[in-house]
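Everything numeric here is computed off the predicted structure, so don't read it as measured data.
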Amino acid sequence: MGRLMRGRRRREQQPTGDVVTLEVSADDPTPGWVLVPLDDEVPAHEWALAVHRFLAEEVELAGGTVDHDAVTRAAQRLADVTVQARDLLRGRGGFAHAWVPDPAEPLPLWLDVVARPEDGFTEWAERLFAEGFAQADPHCEVTDVDLPAGPSVRVRSVVVPDEPGVPATEAVDVLVRPPGVPGRVVLSSRWVDLARGDELAAVVDRYARTVRVRAVRPQDGDAAGSSSAGGPGA
């Protein structure tokens, strides 16, 4: 499962005389995480179908049984998420993971992680977590948490769209302030199965604890600062 899971993306800031790259990784051992390809050259549906079939083969090799027609139908959700992730992250950097615990069922949640060193991104992220989520959901839960990547703010919210027929979306969003590292890291997750809210929020929380981030300056030849003390993804 590791070859489907591991994700690492970089963003660069290039002010005069200095270059800072934020390197972020996540490596949650929870079965089912799949790294979403953001390259438009990768056909979303073909890739999603290949992933679901691969996971179905793993189930069968372990002695289980799989409805292959259901596997084919479930892959469409992963294909749709792949297109959404590409649109969302285009020009922003970052990476996305989808959680596919059962290859015969549509994936229940997906998330993205974006890290930027720029002051403008920091200001935007701080404002979003201080005001934006509460404006969209006045009853959202806001909690300060300590993660391996640094002091963080966790927001759990539900947004009910105005458009008829569009389902409500529940989300856990996390703002990480990595010590000794410029910028911020923002993890955003979402799902529509509100009945599984506590379960899926716990899955995201486990993932968030595996996020690691460090700042790299090429002239230094190594990390300028790191929020990782070891462990998964370090």
Checking side-chain contact (heavy atoms from CB on, under 4.5 Å) for the pair Arg177/Thr122: CA distance, chi angles, key distance, verdict?
CA-CA 9 Å; Arg177 303 179 179 112; Thr122 296; over 6 Å; no
Only one of Arg53, His52, Glu60 forms a side-chain hydrogen bond (donor to acceptor under 3.5 Å, both in side chains) with His68, so which one is it?
Glu60
Less than 4.5 Å apart, side chain to side chain, heavy atoms only: is that true for [X] and [Y]?
X      : Y      : result
Pro108 : Asp193 : no
Leu187 : Val211 : yes
Asp87  : Val83  : yes
Val159 : Arg190 : no

Could you tell me the separation between the [atom1] atom of [X] and the [atom2] atom of [Y], rounded to the nearest 0.5 Å?
X      : Y      : atom1 : atom2 : answer
His45  : Thr72  : NE2   : OG1   : 8.0 Å
Trp33  : Trp110 : CH2   : CH2   : 11.0 Å
Leu88  : Asp112 : CG    : CG    : 5.0 Å
Thr169 : Leu194 : OG1   : CG    : 8.0 Å
Glu170 : Leu200 : CD    : CG    : 8.0 Å
Thr210 : Asp28  : OG1   : CG    : 5.0 Å

Could you tell me whether Arg212 and Asp27 have a side-chain N and a carboxylate O separated by less than 4.0 Å?
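So Arg212 does not pair with Asp27 through a salt bridge.
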Carboxylate-amine/guanidinium proximity below 4.0 Å for Arg156 and Asp137
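Result for this pair is no, no salt bridge flagged.
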Should [X] and [Y] be counted in the same cluster of Ile, Leu, Val, Met, Phe, Trp and Tyr side chains packed under 4.5 Å apart?
X      : Y      : result
Val145 : Val204 : yes
Val51  : Val42  : yes
Val100 : Val192 : no
Trp124 : Val142 : yes
Val34  : Leu49  : no

Where [X] and [Y] come nearest, the two heavy atoms and their spacing:
X      : Y      : value
Arg196 : Trp99  : NH2-CZ3, 4.2 Å
Tyr207 : Ala26  : OH-CB, 3.4 Å
Leu109 : Trp191 : CB-CB, 3.9 Å
Ser189 : Val172 : OG-O, 2.7 Å
Ser152 : Leu147 : OG-CD1, 3.4 Å
Leu35  : Trp47  : O-CZ2, 3.4 Å

Short question: side chain of [X], backbone of [Y] - any donor-acceptor pair under 3.5 Å?
X      : Y      : answer
Arg116 : Val114 : no
Arg86  : Asp39  : yes
Thr82  : Val36  : no

Do Asp80 and Gln76 have a side chain donor and acceptor closer than 3.5 Å?
yes
Residue among Glu123, Glu126, Glu118 satisfying salt bridge (charged side-chain N to carboxylate O under 4.0 Å, His left out) with Arg184:
Glu126
